[in-house]
Asks: 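Next up is a structure, given as structure tokens.
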Amino acid sequence: MLDINITQVLLNFIALSSFYGLFAVGLALVFGVMKVVNFAHGEFFMLGGYTIWLLLVAFSGLPPWMVFVAALIIGPIIVGLVGALFEKLIFAPTSQDAFGGFIASLGLSYVLQALVALSFGVVSKSLPVVIPGQLEIGGGILTYQRLVVILCAAVMMTCLWYFLSRTRGGRAVRAASQNRSAALLQGINLKRIRLVTMVIGAGMAGISGVLMASIINVGPYMGLEAIWKAFIVVIVGGLGSISGAIVAAMLFGFIDSFASVVGLSQYIVIIDTVIMLVVLAFFPRGLLGREAPLLEQAPAKHLELRHWLVPPAIRAATIPVCAVLLVAYPFVASSYYVSVGILFLINVILVVSYRTITTMGGWSFAHVTMLAIGAYCVALLQTDFGISFWIALPLSGLAAAAIALVIAFPVMRTRQFYFFLSTFAAGEAIRQCFIQFKKPFGGIEGIPFLSPPESVFGISFGNTSNYYLLVLVAAALCVGLLYIVDIGRTGRSIKAVAENENLSMAIGLNTWGLKTLAFCIGSFFAGIAGAFYAGYNGFVAPTDYTPQFMFKIIAAVIIGGNRTYWGPIAGLVILTVMEQGLRDSAQLIPLIWGTTIILAVLFVPQGLEGLVGRLLTQRRKNIAAGEERATNASRA
């Protein structure tokens, strides 16, 4: 029988709820007014942590508690100013595009991580306990440091409540959150309100970082775990709902406290995600949430390369020329670049299958998890059951599709931001399963010593060039099959649901089924890519399937565009070239990728597809104008 210290559970519950609430309320407030989920909120938290670390280093002769008090004042001011800067540079220009603002914040998070890693290194900094000592209450222990977290959170929540309820500016913020059009008619300056809201939200994240810096290590990636927890809280509480965020913070504070006391702290990510999925199954908008704004990009016309714009001879020769070049590539390139080509082709399957998911109007963050599921499926079937790679290959796709179907039951009832954030949490929970369960997944070390695909007709796929050709054939088949689905009746119906789900339901389309089908089809091919990925690497490990990998997939689709098949592939080419050009400076890669995504959102919102479309349209206008001038001249 478990020996549970109820007092310790309650003390931990109060401390965790205070931190979750303080951090998540800022995120909920920003969404409520600005209608954008700020993915970089975790990096604002990280900047708060680095503020106190820098002050401790700079003023090492002062007592730590004095530096801590100073950091509580300086930290939120600095982080709030940083938030104001990015509001002006990024969020204000994308205020009419919820999707663009969200993706830009995703790029911003990686830019800030990279800048901090370049400036202070990737090794986490361990801070001293700034307020030592502890209290014993009813058999439970509460450190003074956690007591300060509780008190500061209570003070900040009280100040926020007073500001929103009792001040003119706070009432303006509430009005903008509830009805922006009505607020504008009342003479409220929405630009100023957005700026104030971002400063408050970023400042609250900065205070959270200062408070938690001596409890957890300070590092450039500390915000990633914090933002995952914040997303869980705001999803369950309801996006944009401050009261919902507080309720959810208390719920998860108690659950996490209880799990820690009974020795299940390593499974908290999994437990919290399961609870989130259960809540979403019954409350698709969270407990107290509202409908999220559309996450889909603004409509864009299909890009057509008309016959008179592209000569028929060029169009007819493009595919065979590309095929010849791709087949000849492993015979003229070095072994290193052949390996790069293999990974590029695997990523082609990934980005094209991800594009299939985006056509149903949702952007999943769990696609790299489906890649991992396919890889682990092959690894387990080979090592535990001795099954051939060729038999495991289709099973890996089916395993990924089956997991996607399970996830789809709750998340497909959600829309837009809820879908993205819930798949982010679900994907991280699955990755934690690979880490925590050493049997059968091998834990953090993974599963080594995998065999390459068995020889076929005497062709050995242990040879890099032969494996490249194998993956090339697989990529061509996968892209071809996805293209057939896309142009067929099913693909058109899926895109119709994305354009107008309510109208699609009115004409009798099974919207849930179509969206789930798109999710499962994309996941199936991601699982196939995972099988080839495992076969090439010779091992699988959870550290290979990180959010950074998912960021690359999203970046390729954003930079290239998701309206055609060539867009994501073109975006992937650009990212691959950048990656190879910076392979001796790996820490610069996320910085360059993140900056590229921000610039793409701000200046090329439809990606390379949109840029090409505008150029072709302008050329068509120029040709038409020239023909008209020639006709007028001949008549004259």
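Keep in mind the model is a prediction, meaning the values are calculated, not measured.
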Asks: Please test D256 against K229 for side-chain contact (heavy atoms from CB on, under 4.5 Å), starting from the C-alpha separation and ending with a verdict.
Replies: CA-CA 11 Å; D256 293 359; K229 178 62 72 173; 2.7 Å; yes

Asks: Do H41 side-chain atoms and A24 backbone N/O form a donor-acceptor pair below 3.5 Å?
Replies: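 Flag not set: sc H41 to bb A24 has no pair under 3.5 Å.
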
Asks: Test your reading of the model: is there a side-chain donor-acceptor pair from Y376 to the backbone of G446, 3.5 Å cut-off?
Replies: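 Pair absent, no side-chain N/O of Y376 close to backbone of G446.
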
Asks: Could you tell me whether a side-chain N or O of H367 sits under 3.5 Å from a main-chain N or O of L350, the two making a donor and an acceptor?
Replies: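 Present.
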
Asks: Restricting to non-hydrogen atoms, name the atom on S523 and the atom on A404 that form the minimum distance, rounded to 0.1 Å.
Replies: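 Smallest heavy-atom distance, with atoms named: OG-CB, 3.3 Å.
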
Asks: Verify, without hydrogens or angle tests, whether S265 (side chain) and S260 (backbone) share a donor-acceptor contact under 3.5 angstrom.
Replies: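 Checked: no pair found.
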
Asks: Donor-acceptor pair, distance only, cut-off 3.5 Å: does the side chain of R355 make one with the backbone of R563?
Replies: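 Here the side-chain-to-backbone pair exists.
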
Asks: Is there side-chain contact between Y536 and V471, with heavy atoms separated by less than 4.5 Å?
Replies: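 No, side chains not in contact.
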
Asks: Are T273 and I430 packed together at the side-chain level, in the sense that at least one heavy-atom pair is separated by less than 4.5 angstrom?
Replies: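 The answer is no, as the side chains (C-beta and beyond) never meet within the 4.5 Å cut-off.
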
Asks: With a 4.5 Å limit on heavy-atom distance, are the side chains of L482 and Y565 in contact?
Replies: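 Result yes, sub-4.5 Å side-chain heavy-atom pair found.
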
Asks: Verify ring-ring contact (aromatic ring centres under 6.0 Å, His included) between F420 and F102, making sure each step is shown before the conclusion.
Replies: CA-CA 10 Å; F420 186 96; F102 172 70; 4.6 Å; yes

Asks: Where is the tightest heavy-atom contact between Y467 and F461, given as atom of each residue plus distance?
Replies: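 Here Y467 and F461 meet closest at CD1-O, 3.5 Å.
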
Asks: So F525 and M370, side-chain contact (heavy atoms from CB on, under 4.5 Å) or not? Walk me through it.
Replies: CA-CA 9 Å; F525 286 99; M370 301 305 160; over 6 Å; no

Asks: With rounding to the nearest 0.5 angstrom, report the CH2 to CD1 distance, W363 to I357.
Replies: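 W363 atom CH2 to I357 atom CD1 measures 11.0 Å (nearest 0.5 Å).
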
Asks: Kindly compute the distance separating CZ (R431) from CD (Q436), expressed to the nearest 0.5 Å.
Replies: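 Separation between the atoms: 10.5 Å.
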
Asks: Measure the spacing between CE of M276 and CD1 of I271 and express it to the nearest 0.5 Å.
Replies: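 One gets 14.0 Å once the value is rounded to the nearest 0.5 Å.
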
Asks: Please round to the nearest 0.5 Å and tell me the distance separating atom CZ of F344 and atom CG of L575.
Replies: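 Taking CZ in F344 and CG in L575, the distance rounds to 10.0 Å.
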
Asks: To the nearest 0.5 Å, what is the distance between OG1 (T596) and CE (M578)?
Replies: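 The OG1 atom of T596 sits 3.5 Å away from the CE atom of M578.
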
Asks: Determine whether K552 and L572 make a side-chain contact, defined as any pair of heavy atoms from C-beta on separated by less than 4.5 Å.
Replies: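 Sidechains of L572 and K552: in contact.
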
Asks: Out of L16, I268, V233, which one pairs with F252 under the side-chain contact (heavy atoms from CB on, under 4.5 Å) rule?
Replies: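 The passing option is V233.
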
Asks: Looking at L343, is its backbone amide N or carbonyl O close enough to the side chain of N347 to form a donor-acceptor pair, meaning the two atoms are under 3.5 Å apart?
Replies: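 A pair under 3.5 Å: yes.
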
Asks: Please report whether the ring centroid of Y267 lies less than 6.0 Å from that of F437.
Replies: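 Centroid distance F437-Y267: below 6.0 Å, so yes.
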
Asks: Aromatic ring centroids of F231 and F39 under 6.0 Å?
Replies: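 Yes; F39 has its ring centre under 6.0 Å from that of F231.
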
Asks: Quick check against the 3.5 Å criterion: does E428 have a side-chain atom that pairs as donor or acceptor with the backbone of W228?
Replies: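 Absent.
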
Asks: Quick check: closest heavy atoms across V269 and A429, and the distance to 0.1 Å?
Replies: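 So the two residues come closest at CG1-CA, 3.9 Å.
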
Asks: Go through the steps for L588 and L118 under the test side-chain contact (heavy atoms from CB on, under 4.5 Å), then give the verdict.
Replies: CA-CA 8 Å; L588 289 176; L118 289 169; 3.6 Å; yes

Asks: Of F441, Y533, Y545, which meets side-chain contact (heavy atoms from CB on, under 4.5 Å) against V540?
Replies: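 Looking at F441, Y533, Y545, the match for V540 under the side-chain contact (heavy atoms from CB on, under 4.5 Å) is Y545.
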
Asks: For the residue pair Y221 and S124, establish whether any side-chain heavy-atom pair is separated by less than 4.5 Å.
Replies: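 They are not in contact (no side-chain heavy atoms under 4.5 Å apart), so the answer is no.
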
Asks: Which residues satisfy the side chain to side chain donor-acceptor pair (under 3.5 Å) test with E87, sequence neighbours excluded?
Replies: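 Result, side chain to side chain donor-acceptor pair (under 3.5 Å) vs E87: R194.
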
Asks: Taking all heavy atoms of E579 and all of I589, pick out the closest pair and write down the distance.
Replies: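 Scanning both residues completely, I find the closest heavy atoms to be CG-CD1, 3.8 Å.
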
Asks: Can you give me the closest heavy-atom contact between I494 and M360, atom names plus distance?
Replies: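 For I494 versus M360, the nearest heavy atoms are CG2-CB, 3.5 Å.
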
Asks: Would you check if V111 and F86 make a side-chain contact, meaning some heavy-atom pair closer than 4.5 Å?
Replies: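 The answer is no, as the side chains (C-beta and beyond) never meet within the 4.5 Å cut-off.
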
Asks: Quick one: does N38's side chain have a donor or acceptor within less than 3.5 Å of a partner on A40's backbone?
Replies: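 Such a contact is found between N38 side chain and A40 backbone.
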
Asks: Assess whether atom CZ of F409 is packed by more than 12 heavy atoms of other residues, nucleotides or ligands within 6.0 Å.
Replies: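 Counting neighbours around CZ of F409, 12 or fewer heavy atoms of other residues, nucleotides or ligands fall under 6.0 Å, so no.
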
Asks: Does a side-chain heavy-atom distance below 4.5 Å link L470 with F532?
Replies: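 Yes - at least one pair of side-chain heavy atoms lies under 4.5 Å apart.
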
Asks: If I take atom CD1 from residue I235 and atom CG from residue L280, how far apart are they, to the nearest 0.5 angstrom?
Replies: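 Reported value, rounded in 0.5 Å steps: 6.5 Å.
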
Asks: Any side-chain to backbone donor/acceptor pair from K515 onto G362? Under 3.5 Å, distance only.
Replies: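 Here the side-chain-to-backbone pair does not exist.
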
Asks: So do the side chains of Q606 and L611 get within less than 4.5 Å of each other, counting heavy atoms only?
Replies: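 Answer no - side chains too far apart.
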
Asks: Closest heavy-atom contact between V368 and M550?
Replies: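 For V368 and M550, the tightest heavy-atom pair comes out as N-SD, 3.4 Å.
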
Asks: Do side-chain atoms of T546 reach the backbone of T543 as a donor and acceptor pair under 3.5 angstrom?
Replies: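 No, T546 side chain to T543 backbone: no donor-acceptor pair under 3.5 Å.
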
Asks: Is there a side-chain contact (heavy atoms from CB on, under 4.5 Å) between F449 and T383 once you walk through the steps?
Replies: CA-CA 9 Å; F449 309 121; T383 57; over 6 Å; no

